[in-house]
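Okay, structure first, notes after.
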Number of protein chains: 2
Amino acid sequence: MSDVKGSAALRATLVFNLGTLGALAADRFAARVEELGLKPKHAGLLAALDAGSAASQQELAARLGVAPSLIVSLADQLQALGAVERLRDPDDRRRQVLTLTPEGRRLLSRCAEAAEAADAELAAGLDPDRRAALAEGLRALGARHVPH
Amino acid sequence: MSDVKGSAALRATLVFNLGTLGALAADRFAARVEELGLKPKHAGLLAALDAGSAASQQELAARLGVAPSLIVSLADQLQALGAVERLRDPDDRRRQVLTLTPEGRRLLSRCAEAAEAADAELAAGLDPDRRAALAEGLRALGARHVPH
DNA sequence: TATTGTTATACTCTATAACTATA
DNA sequence: TATAGTTATAGAGTATAACAATA
């Protein structure tokens, strides 16, 4: 056997498959949330707010792994849709505390439905046991990469 | 129980986890192939050529799911690195047939090593059985989405 | 006239840097 | 002086459309 790795070696890796399938999944999901006036990053922000893991925009930027200026833009758009409120933190008036509105929770619910519909399309015909194992594996892997 | 889905429902989906982990994996891989002068799409093109699944630039564009004009740009850069050759198809002189050079195969091998190194980093501490199941599940899912 | 590859152009996404206000 | 948020600007990446060569 040769130690020169070809395309088969690359295709066997997690990063290659996660990268290609991730782009595919993101496109499918984006197409479905587009009619809600949202992009995937909006859904990520709504989910982070619902999970209550962060409040200030700086914390959210770190959580989502994006620049603080992008949070401003995403929050502006969600606010225009009536999905979030910005409240000045009375203890530190530099901080804007973002909170979900009922409309924001409704939109998050629609995003979850969109993701489930995209799942059904993506995994159509896949063995249910294998699909469950895949979901569990992804969840376990993702849990190791939550920003602190 | 409520039928209003929150962030937990979204985080349980394949598309959400594939999307977030895919972006993470792509970044890690990109950082490692950067020193080779390559981006992930270059690696994808090298792998497609090595697999022999396509020859003309139009076929490669369809295979990778990108615009034909992007193949021109990627092939230009790979040609400048001495990784691919462009040969006019004598049967149809409109066609440019791309072929890997020895240097191209060497670069592909380095890409595979970069992906394996990124895998080790990404899956560090993950149970080996779970990791194997994950790799197998991704491979099975990806096989369902190869462009025809 | 249709198709392959190429070039020219424009658009989307996101980061970096400068700025304002609060601390 | 340092930090949270905002605004202004710039860069990367990629698509679309116009073009040239060949069928």
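Proteins get letters first, then strands, A, B, ... in listed order; numbering begins at 1 in each.
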Student check: side-chain heavy atoms of B:Leu98 and B:Leu78 closer than 4.5 Å: no
Sugar-phosphate only, base, or nothing, as touched by A:Arg88 at under 4.0 Å among non-hydrogen atoms: nothing
Spatial distance of atom CD (B:Glu113) from atom CG (B:Leu108) [nearest 0.5 Å]: 10.0 Å
Whether over 12 other heavy atoms sit under 6.0 Å from A:Glu34 CD: no
Upstream residue (5' side of DNA chain C) when B:Pro68 and A:Asp92 are each assigned their closest nucleotide: B:Pro68
Nearest-Å distance for atom pair CD1/P, residues B:Ile71 and C:dT7: 15 Å
Length of the CG-P vector between A:Leu70 and D:dT9, whole Å: 19 Å
Nearest-nucleotide pick for B:Arg94, side chain only, options being C:dT22, D:dT6, D:dT22: D:dT22
Nearest to side-chain heavy atoms of A:Lys39, which nucleotide of C:dC13, D:dT3, D:dA23: C:dC13
Interatomic distance where CD belongs to B:Gln96 and C1' belongs to D:dA20 [whole Å]: 13 Å
Side chain of A:Ser56 - closest among D:dG5, D:dT22, C:dT6: D:dG5
Spacing of A:Arg95 atom CZ relative to D:dT6 atom P, expressed in whole Å: 13 Å
Separation of atom CD in A:Gln58 from atom P in D:dA2, rounded to whole Å: 16 Å
N or O in side chain of A:Lys41 less than 4.0 angstrom from C:dT14 OP1/OP2: yes
Candidate nucleotides C:dA15, D:dT7, C:dT3, ranked by approach to the side chain of A:Ala67 - the nearest: C:dA15
Side chains of A:Leu64 and A:Lys41 in contact at under 4.5 Å (non-hydrogen atoms): no
CA sep, side-chain torsions, deciding dist, call: A:Val146, A:Arg63, side-chain contact (heavy atoms from CB on, under 4.5 Å): CA-CA 8 Å; A:Val146 180; A:Arg63 177 76 44 172; 3.4 Å; yes
Protein-nucleotide distance (B:Leu60, atom CG; D:dT14, atom P), rounded to Å: 16 Å
B:Ser69 side chain, from C-beta outward: closest of C:dT22, C:dA15, D:dT16: D:dT16
Rounded distance (Å) that lies between atom P of C:dT14 and atom CD of A:Gln77: 11 Å
Rounded distance in Å - CG (A:Leu74) to C1' (C:dA15): 13 Å
Which nucleotide in C:dT6, D:dG5, D:dA23 has an atom nearest any side-chain atom of A:Gln57: D:dG5
